[in-house]
Each structure stands twice: as C-alpha cells, then as structure tokens.
Amino acid sequence: MNAVKIFNEKEADELMVVDIDASRNEREPDFDLVEKFAAECRMPLCYGGGVTSAAQASKLISLGVEKVAVSSAAILNPTLLTEMAQAVGKQSVVAVIDICKKKGFFSSGYEVCIYNASRTIKQDPIELARSLQDAGAGEIVFNFVDLDGTMQGYDIEYAKSLKEVLCVPVTFLGGAGSLEHMGSLMEELGVVGAAAGSLFVFKGKYRAVLINYPELEKKLQICQQASKARQNI
C-alpha cells in the first residue's frame with residue numbers, strides 16, 4: 001500500500017498489480033486487498049492473478065479496477081477472454097503472455113510459459129497472440145521472463161515481430177533498466193506500452209530500494225525523441 005501511495009505522488013501513468021502465485025496455487029483474487037488498492041490508487045489500475053471467470057472480472061471492475069489481466073487461464077481456455085469482454089468490455093480485458101527462451105524450439109527461440117513460468121507449452125507466441133486477440137483481449141502484455149530483473153534492455157527485434165501481427169494495444173515487460181531502453185523501444189516500434197518493475201523500484205548499481213518514476217517533462221522528452229527518430233528512419 002505504501003508503494004501505491006508513492007507511485008501516486010510520482011504521478012505514474014498506470015499501475016499493474018499481479019499476484020504471481022495465485023493461479024499456480026489455484027487461489028482466487030484477494031478482493032479485499034484489491035479494493036483497498038483501488039481506493040488508494042489515483043491512476044488507472046490493472047489487476048492480475050487468480051482470475052478464472054467473467055464473474056470475478058466483473059467483481060474486480062466493480063471494486064474500482066480499470067483493467068483485469070489474465071494469463072494462464074486465458075491461454076488454456078481462450079473463451080474466458082470472450083466471456084470477460086462480454087461482461088466488462090473489451091477495453092478492460094488484458095491478456096498477459098509470458099514468453100521464455102530457455103527451452104525455445106520455434107524459429108524465434110521463444111515459447112510460451114504459464115503458472116509463473118513453472119510450465120511451458122509448445123505454442124508459438126505469435127500465433128497465440130493472434131488467437132487471444134481474436135478471442136476478446138483488448139490489450140496484450142508480453143512478459144519476457146528471461147529478461148525480467150536483468151535490466152539489460154528489451155528484446156526489441158522480437159518485440160517488433162509480435163507487434164506487427166496485432167491491432168490491439170501492446171505492452172512489453174521484462175528487461176528495462178533505463179529510460180533510454182524505453183525510448184529505444186518506442187523509437188523502433190512507435191506507439192507501444194513500455195512497462196517496468198525493477199527500474200521503478202531499485203536505484204543505482206547496488207540496487208538500493210528506492211521507488212522512482214520519471215517526471216512528466218522527462219516522459220514527454222523521451223516520447224518526442226523517439227517520434228523524431230522514427231521520422232528519420
């Protein structure tokens with residue numbers, strides 16, 4: 001809750017709260033806690049973790065959440081996205097695809113993982129993204145599991161190939177270690193969501209815990225520089 005308050009003060013654009021063990025442990029969302037987050041949060045709030053039904057999605061929206069994210073449940077049962085879109089509107093349905101390179105066997109070297117990366121499934125991430133879009137996802141978040149926490153930058157080339165096949169908003173997560181990494185992503189892909197965890201929580205080479213977020217002027221500068229660079233490509 002303290003982190004939410006600090007991100008409020010920093011005027012973050014959007015906050016995504018994910019209970020990463022809920023689905024693997026077959027546990028439904030902690031609705032009481034989510035309600036407290038929603039009441040405190042002064043920015044769009046997306047919640048994910050343990051959502052397995054349209055009824056749960058509707059309840060989360062009624063508590064003040066703007067978007068509901070689903071990953072494992074939607075990958076195993078894409079009709080869940082259809083049911084959620086009918087219940088809360090496509091704009092509030094986010095599909096999260098965790099992609100892993102450790103055991104990749106497709107030409108890209110990536111495959112899909114579920115249940116907090118404890119299982120992999122033999123499905124091409126690009127084809128899966130298309131199917132989830134068609135099923136009702138209003139936004140897709142790609143999480144590069146192997147890059148998570150490395151702060152070495154996004155896999156921009158593969159991100160390009162993912163964005164090219166979709167017409168819904170796309171966000172990329174995993175690897176951001178600087179604002180320059182985010183700028184490079186937008187420079188290469190255009191209008192796209194650049195998400196980060198470690199970047200906004202740790203500071204400096206020793207990774208001291210210090211919640212931080214760029215000010216509005218800095219964000220605008222990054223976007224403007226990326227736009228100008230794209231015009232020159």
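In this text, all values refer to a predicted model and were calculated from it rather than measured experimentally.
- Between atom CE of residue M1 and atom SG of residue C41 there is a gap of 9.5 Å, rounded to the nearest 0.5 Å.
- Counting all heavy atoms, side chain and backbone alike, I97 lies closest to L128 at CG2-CD2, 4.0 Å.
- In the hydrophobic cluster analysis, where Ile, Leu, Val, Met, Phe, Trp and Tyr join through side-chain heavy atoms closer than 4.5 angstrom, L15 is grouped together with V93.
- Hydrophobic cluster membership is shared by I20 and V94, with clusters built from Ile, Leu, Val, Met, Phe, Trp and Tyr side chains linked at under 4.5 angstrom.
- The two residues A54 and E83 have their closest heavy-atom pair at CB-O, 3.7 Å.
- With hydrogens and angles ignored, the 3.5 Å screen pairs no side-chain donor or acceptor of S227 with any backbone N or O of Q224.
- In this structure, V96 is not a member of the same hydrophobic cluster as Y115, with clusters built from ILVMFWY side-chain heavy atoms closer than 4.5 Å.
- Of the residues S72, P78, S71, the one that meets the side-chain contact (heavy atoms from CB on, under 4.5 Å) test with I75 is S71.
- Counting only heavy atoms from C-beta outward, the side chains of C46 and E14 approach each other to under 4.5 Å.
- The closest side-chain heavy-atom distance from R27 to D21 is below 4.5 Å.
- Residue L220 is found in a hydrophobic cluster whose other members, listed by chain and number, are L216; membership requires side-chain heavy atoms under 4.5 Å apart, directly or through intermediates.
- Listed by first and then second residue, the ring pair (Phe, Tyr, Trp, His ring centres under 6.0 Å) pairs that reach into residues 5-37 come to none, sequence neighbours excluded.
- Put simply, the side chain of N8 gets close to the backbone of R42: a donor and an acceptor are under 3.5 Å apart.
- Here the CZ atom belonging to R24 is positioned 11.0 Å from the CG atom belonging to D19, to the nearest 0.5 angstrom.
- Between the side chain of T79 and the main chain of T82, no donor-acceptor pair closer than 3.5 Å is present.
- With contacts defined as side-chain heavy-atom distances shorter than 4.5 Å, the pair I114/L76 qualifies.
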Next item on the list: Start with the C-alpha gap between Y213 and I6, add the side-chain angles, then the distance that decides, and say whether side chain to side chain contact (heavy atoms under 4.5 Å, CB included) holds.
Entry: CA-CA 10 Å; Y213 197 81; I6 295 173; over 6 Å; no

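- Distance check, rounded to the nearest 0.5 Å: CG of L60 to CE of M84 gives 8.5 Å.
- N212 contributes a side-chain N or O that, together with a main-chain N or O of L199, makes up a donor-acceptor pair within less than 3.5 Å.
- Expressed to the nearest 0.5 Å, how far CG of L189 lies from NZ of K163 amounts to 6.0 Å.
- To the nearest 0.5 Å, atom CE of residue M16 and atom OG1 of residue T171 are 8.5 Å apart.
- Looking at L162 and V170, their side chains never come closer than 4.5 Å, going by heavy atoms from C-beta outward.
- Across all non-hydrogen atoms, the minimal contact from L63 to E35 is CD2-CD, 3.9 Å.
- Using a 4.5 Å cut-off between side-chain heavy atoms of Ile, Leu, Val, Met, Phe, Trp and Tyr, with links allowed through other members, V192 and F200 fall into the same hydrophobic cluster.
- The backbone N or O of C113 lies less than 3.5 Å from no partner atom in the side chain of R119, so there is not a single donor-acceptor pair.
- Residues Y154 and L179 fall within the same hydrophobic cluster, defined by Ile, Leu, Val, Met, Phe, Trp and Tyr side chains chained together at heavy-atom separations under 4.5 Å.
- When every heavy atom of G149 is checked against every heavy atom of S198, the shortest pair comes out as CA-OG, 3.8 Å.
- The two residues G50 and Q56 have their closest heavy-atom pair at O-OE1, 3.5 Å.
- Using a 4.5 Å heavy-atom cutoff, the side chains of P29 and V51 are in contact.
- Side-chain atoms of Q123 never come within 3.5 Å of backbone atoms of I121 as a donor-acceptor pair (strictly under, hydrogens ignored).
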Notebook entry, point to check: Hey, mind stepping through E66 and L45 against side chain to side chain contact (heavy atoms under 4.5 Å, CB included) and telling me if it holds?
Noted result: CA-CA 6 Å; E66 278 80 13; L45 173 64; 3.7 Å; yes

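- In this structure, CD1 in I211 is found 12.5 Å from NZ in K203, a value given to the nearest 0.5 Å.
- By the neighbour-count criterion of 12 heavy atoms within 6.0 Å, atom NZ of K219 is densely surrounded, having more than that number from other residues, nucleotides or ligands.
- The ring pair (Phe, Tyr, Trp, His ring centres under 6.0 Å) pairs that include a residue from residues 121-153 are Y110-F144, F142-F172, where partners are two or more places apart or lie in different chains.
- Of all non-hydrogen atoms in L185 and G193, the two that sit nearest each other are CD2-O, 4.0 Å.
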Next item on the list: Determine, step by step, whether V209 and F202 satisfy the side chain to side chain contact (heavy atoms under 4.5 Å, CB included) criterion, reporting the C-alpha distance in whole Å, the side-chain angles of both residues, the deciding distance to 0.1 Å, and the verdict.
Entry: CA-CA 5 Å; V209 178; F202 300 115; 3.8 Å; yes

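- No more than 12 heavy atoms of other residues, nucleotides or ligands sit less than 6.0 Å from atom CD of E11.
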